[in-house]
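The structure appears right after this line, and notes come after that.
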Amino acid sequence: MRAGRRDTAPGGTSGAVRRRTGHGGAPLSRRAFLAVGGWLAAAAATTVAGLWALSLAGDDLTGQAVRSMTLEEVERALATASAAPAVPPAAATGPSAATGGFSYAEGSVTAACDAGRALLLSWTPAPGHGVDEVERGPAPAVSVVFESDDRTTTVTVTCPSGAPAAEVRSAAEHDD
């Protein structure tokens with residue numbers, strides 16, 4: 001520097017006291033660091049609060065925790081539960097109609113008799129079985145066929161004395 005001449009920055013400040021506040025200066029870097037740190041802290045707090053809220057979503061209004069059932073619990077519940085009818089029960093056809101329910105290892109059947117004619121009200125296959133054919137009636141004889149991988153069972157309902165009576169026939173499935 002020459003004597004008598006002073007370096008001045010635009011705005012009149014001396015070069016010796018001038019600070020850089022642009023993108024490469026230290027004060028801006030500190031500010032950016034604090035801003036990023038604050039943003040990360042807020043994001044972490046939001047994540048923790050969200051996870052906490054999700055953990056509470058497993059509780060119902062009474063405070064009891066909801067959990068998934070194991071396969072064994074599902075099978076036990078299905079084995080002991082009373083099955084809902086596959087078809088909603090129809091009302092019996094008259095005041096003299098008699099009803100009866102029949103349960104077998106393959107499934108269950110509910111039927112009614114009116115004036116010597118049978119009507120299937122509902123039928124429900126047991127676990128591992130399906131329904132192949134249904135003759136609902138009203139007719140002198142009605143039937144449902146329950147089917148599994150290795151067996152076909154036909155339940156036929158008639159009304160010999162005004163009340164439903166069931167006959168069961170099973171046959172092993174043959175691979176053709």
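What you see is a predicted model; the values in this text were computed from it and never measured. Residue numbers run from 1 in the order of the sequence given.
- In this structure, CD in E147 is found 9.5 Å from OG1 in T153, a value given to the nearest 0.5 Å.
- Interatomic distance, L121 CG to R136 CZ, rounded to the nearest 0.5 Å: 7.0 Å.
- The minimum heavy-atom distance linking A112 with C159 is given by the pair O-SG, 4.2 Å.
- How far OG1 of T99 is from CG of D114: 11.5 Å, rounded to the nearest 0.5 Å.
- With respect to V155, the side-chain contact (heavy atoms from CB on, under 4.5 Å) criterion is satisfied by exactly one of V144, L120, V142: V144.
- Using a 4.5 Å heavy-atom threshold, the side chains of R31 and L34 count as separate.
- Nearest heavy atoms, C113 versus P164: SG-N, 3.3 Å.
- For the residue pair A105 and A126, the shortest heavy atom distance occurs at O-CB, 3.1 Å.
- Contact detail for A163 and A98: the closest heavy-atom pair is CA-CB, 4.2 Å.
- The two residues G128 and S148 come nearest to each other via the heavy atoms O-CB, 3.5 Å.
- Counting only heavy atoms from C-beta outward, the side chains of E106 and S170 approach each other to under 4.5 Å.
- Side-chain atoms of R117 do not come within 3.5 Å of backbone N or O of P140 as any donor-acceptor pair.
- When the side chains of ILVMFWY residues are joined at heavy-atom separations under 4.5 Å, either directly or via intervening members, F146 and V134 end up in a single hydrophobic cluster.
- V131 is connected to Y104 through a chain of hydrophobic side-chain contacts under 4.5 Å among Ile, Leu, Val, Met, Phe, Trp and Tyr, so both are in one cluster.
- The two residues V157 and A111 have their closest heavy-atom pair at CG1-CB, 3.7 Å.
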Test side-chain contact (heavy atoms from CB on, under 4.5 Å) applied to T154 and V168, step by step: CA-CA 6 Å; T154 303; V168 180; over 6 Å; no
